[in-house]
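Structure first, then comments.
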2 protein chains.
Amino acid sequence: MRLLPHPATEDIELTEVLRALSDPVRLEIVARLAARGELTCGTVGDELGVHKSTASHHFKALRDSGLVFTKQEGRLKYMSLRRADLEARFPGLLESILSAARPHAGSHG
Amino acid sequence: MRLLPHPATEDIELTEVLRALSDPVRLEIVARLAARGELTCGTVGDELGVHKSTASHHFKALRDSGLVFTKQEGRLKYMSLRRADLEARFPGLLESILSAARPHAGSHG
DNA sequence: CGCATTGTTTGACAACGATCAAACTATGCG
DNA sequence: CGCATAGTTTGATCGTTGTCAAACAATGCG
């Protein structure tokens, strides 16, 4: 089982992408993927303070929406952003969301 | 009651905007607002085939998220996109979503 | 005020979703 | 095979949400 089901680029739906990113935990996961390239389920659970089954659930949601790609290597599964596919499907969308997700310098909290 | 509560520009939250837009009905409302400038509750209910209370519910969700502004004129309430506020808060975000929401010429269905 | 129009609120219902915990699967090591 | 590691699945909770319908409220007209 080295390959998991991923939606084809042309089958990625906007509402599903937006829905996937509307959860704060998943948005944070995506932000970290953008910054660090790859993450495992365990890393996310550990760093974000959620149970590993919850992390798995979120990764599945992200995978199903077309946002992330899952690659298996040994016992680990590495998730990465499907940047090129998303850019092809919805130009500029991911970048503007990532930019919006970055903490603002203007201090407001 | 001519003024309704709207979040300040700096209080608009990304996850709430994305969540508001993750519903197909609301995304369609926003797309129409972008194309036509203003809409009333009744118009949306009529054109999108949802009950007027459902349309009202969606407009409230869009208002609470910071996506639309509501202006009362006589018995009608006109909703419009808060384009400038959203651009100030999350540059490029709304435009990329609107662009992604437009039907693609490439035919895929 | 009475009446029509427009939108909101409430109630009911079904579906979904986020979370944790525990059981299970899959993989690698020896 | 036995054992450890890494994720997944299932079950249980609890809250949220999309929808309609009916009651309500607000507005304008005369």
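Computed from a predicted model, the values in this text were never measured in an experiment.
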Round to the nearest Å and state the distance from M79(A) atom CE to dG7(D) atom C1'. 8 Å
Expressed as a whole number of angstroms, how long is the span from L76(B):CG to dT8(C):P? 11 Å
Hey, are the side chains of L48(A) and R32(A) touching, using non-hydrogen atoms and a 4.5 Å cut-off? yes
Any side-chain heavy-atom pair of V50(A) and H57(A) under 4.5 Å: no
Nearest-Å distance, CD (Q72(B)) to C1' (dA26(D))? 8 Å
R26(B) side chain near L18(A) side chain, heavy-atom distance below 4.5 Å: no
Would you mind reading off the distance between Y78(B) atom OH and dT27(D) atom C1', rounded to a whole angstrom? 13 Å
Between residues 26-54 of chain B and DNA chain D, which residues have a heavy-atom gap below 4.0 Å? R26(B), V50(B), H51(B), S53(B), T54(B)
Would one find a side-chain N or O of R19(A) under 4.0 angstrom from OP1 or OP2 of dG18(D)? no
Close side-chain approach of I97(B) and L93(A), heavy atoms under 4.5 Å: yes
Rounding to an integer number of Å, can you tell me how far R75(A) CZ sits from dT5(D) P? 8 Å
What is the separation between atom CD on E16(B) and atom P on dT17(D), rounded to the nearest whole Å? 10 Å
In whole angstroms, how far is the P atom of dT16(D) from the CG atom of D64(B)? 14 Å
Does the side chain of E87(B) come within less than 4.5 Å of L94(B)'s, by heavy atoms? no
Checking S22(B) against S22(A): is there a side-chain donor and acceptor pair closer than 3.5 Å? no
Check whether any side-chain heavy atom of P7(B) sits under 4.5 Å from a side-chain heavy atom of R82(B), and report yes or no. yes
Just wondering, do M79(A) and V44(A) contact through their side chains at under 4.5 Å, heavy atoms? no
Hey, are the side chains of Y78(A) and L39(A) touching, using non-hydrogen atoms and a 4.5 Å cut-off? no
Rounded to the nearest Å, what distance is computed from the CG atom of residue D23(B) to the P atom of nucleotide dC16(C)? 14 Å
Does dA26(D) have OP1 or OP2 sitting under 4.0 Å from an N or O in the side chain of K77(B)? no
Note: contacts of residues 55-63 of chain A with DNA chain D (heavy atom, under 4.0 Å) are S56(A), R63(A)
